[in-house]
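Take a look at the structure set out below.
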Amino acid sequence: MEGPLAEAAKGERFHIITPLLESWALSQVVGMPVFLKYENVQPTGSFKIRGIGHFCQEVAKKGCRHLVCSSGGNAGIAAAYAARKLGIPATIVLPEGTSLQVVRRLQGEGAEVQLTGKVWDEANLRAQELAKKDGWVNIHPFDHPLIWEGHGSLVQELKAALGTPPGALVLAVGGGGLLAGVSAGLAEVGWQHVPIIAMETQGAHCFNAAIKAGRLVTLPDITSVAKSLGAKTVAARALACMKDFKIFSEVVEDAEAVSAMQRFLDEERMLVEPACGAALAAIYSGLLGRLQAEGRLSPSPASVVVIVCGGNNIDSGELQDLKARLGQG
Ligand code: PLV
């Protein structure tokens with residue numbers, strides 16, 4: 001496994017600088033320029049490779065001999081990809097309902113796949129157990145400073161591409177790693193005043209529940225179809241971000257996330273998973289306009305950026321199933 005290629009990979013960048021493009025159709029919806037940050041075109045299909053890739057490289061430098069990652073899918077694919085490049089074996093632990101296409105992708109990256117429990121939290125417990133073995137390291141999918149540091153690169157790219165700060169930044173929240181990383185990135189480039197619209201689906205709304213309670217809350221179950229937003233408890237760091245950043249936490253129904261997926265497919269010709277549909281729903285559902293009407297967002301911001309977080313948990317058949325389940329068939 002060890003070799004010159006694996007050694008070089010410790011200093012390589014695993015993510016790509018993704019395109020930031022103005023969407024004509026989305027700009028029409030809100031009457032202002034909407035820019036899409038296309039994280040779905042990352043080599044692993046989502047933004048996760050930024051933070052996970054960085055985390056894996058750092059532990060590889062410290063002599064890690066086996067990587068373990070629990071995941072709703074996308075963090076696992078990022079970890080398996082990084083592990084293969086680094087020449088380190090990986091075990092990815094996912095909930096039982098994980099799609100065959102995700103399992104195949106993981107196996108294609110050379111990872112061992114374990115399916116356990118109904119939701120991610122259960123897979124996480126198993127991963128923690130496995131990582132007790134000597135030389136094994138658990139790569140947490142969202143709750144670690146190295147993950148946040150890695151995700152921060154996304155904001156540096158935004159700054160380089162836009163120059164001036166956008167009027168708002170829309171992203172999806174699962175366990176809050178993307179939120180924590182983007183917040184850190186905003187602070188780093190001096191854009192900490194940029195409002196963040198943090199989107200979740202009902203039934204995977206642990207961030208919103210925590211804000212309402214004023215402390216971390218563990219949801220009894222994940223009932224949303226957006227399984228990759230399905231952490232029962234948000235990272236403490238994400239909740240702490242509320243103090244230092246202007247964050248609007250918003251929750252949409254599954255149906256809104258899924259119609260956003262369909263509309264995005266029709267208008268932008270790209271298929272994303274429900275987690276990403278939740279972010280897009282901020283535009284399509286009129287939420288942005290509502291925040292402006294309520295005076296909470298500037299009425300004429302220069303632009304809005306939506307992070308198209310992507311995701312592998314989707315194909316045309318799955319989209320049909322989701323629509324049928326939600327009465328949109
Ligand atoms: N997904 C994690 C956690 O799942 C995973 O294991 O892949 N958008 C997409 C496409 C995602 O895959 C995720 C996280 C998010 C958004 C939310 O990111 P987070 O967890 O950093 O808030 C249970």
Side-chain angles (χ1 to χ4, degrees), residues 37-42 44-52 55 68-81 92-95 97-99 102 105-106 117-125 127 138-152 154 170-185 196 198-201 203-208 210 219 222 224-239 241 247 249 257 260-261 264 270-281 306-314:
K37 183 67 172 157
Y38 282 106
E39 289 301 293
N40 56 328
V41 304
Q42 286 290 357
T44 62
S46 82
F47 71 95
K48 287 274 174 183
I49 188 62
R50 294 180 183 270
I52 301 269
F55 194 171
V68 186
C69 181
S70 63
S71 175
N74 298 312
I77 292 177
Y81 178 87
I92 311 299
V93 192
L94 308 130
T98 302
S99 74
V102 168
R105 171 74 197 262
L106 288 166
K118 190 174 157 268
V119 296
W120 169 79
D121 286 77
E122 290 163 54
N124 180 37
L125 293 179
N138 185 26
I139 303 294
H140 196 288
F142 56 80
D143 197 2
H144 195 283
L146 288 170
I147 300 276
W148 311 328
E149 196 175 278
H151 288 344
L154 193 155
V170 183
L171 51 75
V173 175
L178 180 60
L179 174 67
V182 163
S183 302
I196 301 173
M199 302 299 297
E200 295 178 286
T201 49
H205 58 288
C206 61
F207 181 52
N208 191 263
L219 300 176
I222 299 301
S224 168
V225 298
K227 295 299 175 210
S228 49
L229 298 186
K232 288 186 187 173
T233 320
V234 78
R237 176 68 206 137
L239 186 58
C241 282
I247 301 174
S249 163
M261 290 160 66
F264 192 68
M270 285 192 184
L271 181 57
V272 292
E273 65 169 74
C276 185
L280 295 167
V306 182
I307 299 178
V308 182
C309 44
N312 294 276
N313 300 298
I314 192 69

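If you read the sequence from its start, that first residue is 1, and numbering goes on from there. One-based numbering, in listed order, for ligands and for the atoms of each.
- Counting only non-hydrogen atoms, the option in G76, A235, S228 that gets closest to atom 13 (C) of ligand 1 is S228.
- Between S249 and N208, the side chains place a donor N or O and an acceptor N or O closer than 3.5 Å (distance only, hydrogens not considered).
- For ligand 1 and A75, the ligand atoms under 4.0 Å from any heavy atom of the residue are 5 (C), 6 (O), 7 (O).
- Of the protein's non-hydrogen atoms, the one nearest atom 20 (O) of ligand 1 is G175 N, 2.8 Å.
- The closest approach between F207 and ligand 1 stays at or above 4.0 Å for every heavy atom of the residue.
- N74 contributes no side-chain N or O that, together with a main-chain N or O of K48, makes up a donor-acceptor pair within less than 3.5 Å.
- Between the side chain of E273 and the backbone N or O of N312 there is at least one donor-acceptor pair closer than 3.5 Å.
- The protein non-hydrogen atom at the shortest distance from atom 18 (O) of ligand 1 is F47 CZ, 3.5 Å.
- At least one heavy atom of L229 sits less than 4.0 Å from an atom of ligand 1.
- When heavy-atom distances to ligand 1 are checked against a 4.0 Å cut-off, K48 comes that close only through its side chain, counted from C-beta outward.
- Polar contact check, G174 against ligand 1: a nitrogen or oxygen pair lies under 3.5 Å apart.
- Between the side chain of W148 and the backbone N or O of D143 there is no donor-acceptor pair closer than 3.5 Å.
- For ligand 1, the atoms lying closer than 4.0 Å to a non-hydrogen atom of W120 are 23 (C).
- Formation of a donor-acceptor pair under 3.5 Å by the E200 side chain with backbone atoms of F207 is found in this model.
- If you take CD on E39 and CG on L178, they are separated by 8.0 Å, rounding to the nearest 0.5 Å.
- Using a 4.0 Å cut-off between heavy atoms, S71 contacts ligand 1 through both its backbone and its side chain.
- Summarising the geometry of P141 relative to A75, their closest heavy-atom pair is CB-CB, 3.5 Å, with the distance given to 0.1 Å.
- Distances between N or O atoms of G176 and those of ligand 1 include at least one value under 3.5 Å.
- Expressed to the nearest 0.5 Å, how far CD1 of I222 lies from CG of L229 amounts to 9.0 Å.
- Distances below 4.0 Å separate heavy atoms of G177 from the following atoms of ligand 1: 19 (P), 21 (O), 22 (O).
- Although no hydrogens or angles enter the test, the distance criterion places a donor-acceptor pair under 3.5 Å between the side chain of E122 and the main chain of K118.
- By heavy-atom distance, the residue among T44, L178, I52, N74 lying nearest atom 10 (C) of ligand 1 is N74.
- Comparing heavy-atom distances from atom 8 (N) of ligand 1 across G72, G310, C309 singles out C309 as nearest.
- Between F264 and Y38, the ring planes are tilted. Angles from 30° to 60° get that label.
- The V173 neighbourhood of ligand 1 comprises atoms 22 (O), with distances under 4.0 Å to a heavy atom of that residue.
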